[in-house]
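Atoms within each ligand, like the ligands themselves, are counted from 1 in listed order. In this text, all values refer to a predicted model and were calculated from it rather than measured experimentally.
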Amino acid sequence: MTGNNPQLDANGGLQNAIVFISDGLGNQTFDPPSQPVVLTQKGCMYQPHVLAMQANQRLEVVNDDPTSHNIHPIPANNREWNKSEPPNSKTEETFSRAEIAIPVKCNIHPWMHGYVAVFKHPYFAVTGKDGSFDLSSLPPGTYTVEAWHERLGTSTQQITVGANETKAVNLVLKPRSGT
Ligand SMILES: [Cu+2]
C-alpha cells in the first residue's frame, strides 16, 4: 500500500467505507429519525468526510468557519441544490430518494469534497478508523451486506442472522487495477 491509497490502519482496516443492507428487507418501510444528521464545514473540510442518513431525514449543514462556504451536492437520483453559507451559520435540507453516494463539494474551495449516502432504511454504518462497523440493530433474517468506498468501489456478502445471534462479517475491498 502506498501513501496514495485510502485510509488503512495497521491491520488493513478501512475508514470511511459505508456498510449497509442492500437486499433482504423486502417491502418494509421505515420512518426517518426525527433527529437530523449534521455535516460540519470546519477548517475548510467536510466533517465527516462520509456521512450516511435516511431518506427524508433532515441534513443540517453547519458552517463552523469564519469564512463563507457553499454546499453543493451533485446527486444522480435526487434534487440538486446549492446553498451558500455565511460564517457561523447553518442550513437544513433533505434527500427523498436512496442514493449511494452523493458527491458534495464547495464551489469556493475546490479541495472541499465529501459524500452523503441516503438509504430507505436504518441499517447502515460508516466504518471507523479501524474499519469496524456495527449493524447490530438488524432483525433476524437473510441479507446481502454491501460495502461501498469512494475509491475502492463495492463488495457484497450474504449473511443470515438468527434471533439473539451475533455475526462477524468481514468485507474486503480491493483496489481496482490501475489505482
Ligand atoms: Cu468552502
Side chain to side chain donor-acceptor pair (under 3.5 Å) assessment of S136 paired with D134: CA-CA 6 Å; S136 57; D134 182 1; 2.7 Å; yes
Anything under 30° is parallel, anything over 60° is perpendicular, the rest tilted; go ahead and classify F20 against F119.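 Aromatic pair F20/F119 classed tilted.
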Measure up the H113 and Y115 rings against each other and bin them: parallel (under 30°), tilted (30 to 60°), perpendicular (over 60°).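 Aromatic pair H113/Y115 classed perpendicular.
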Degrees at the Cu ion (ligand 1) between the ND1 atom of H69 and the SG atom of C106, nearest 10°: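 Computed angle, vertex at the Cu ion (ligand 1), rounded to 10 degrees: 130°.
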Quick one: the ND1 of H109, the Cu ion (ligand 1), SD of M112 angle, rounded to 10°, please.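 Once rounded, the angle between the two atoms at the Cu ion (ligand 1) is 100°.
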Would one find an N, O or S atom of Q41, in either backbone or side chain, under 2.8 Å from the Cu ion (ligand 1)?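 No, outside the cut-off.
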Strictly by modelled atom types, are T144 and Q158 linked by a side-chain donor-acceptor pair under 3.5 Å?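 Side chains of T144 and Q158: pair found under 3.5 Å.
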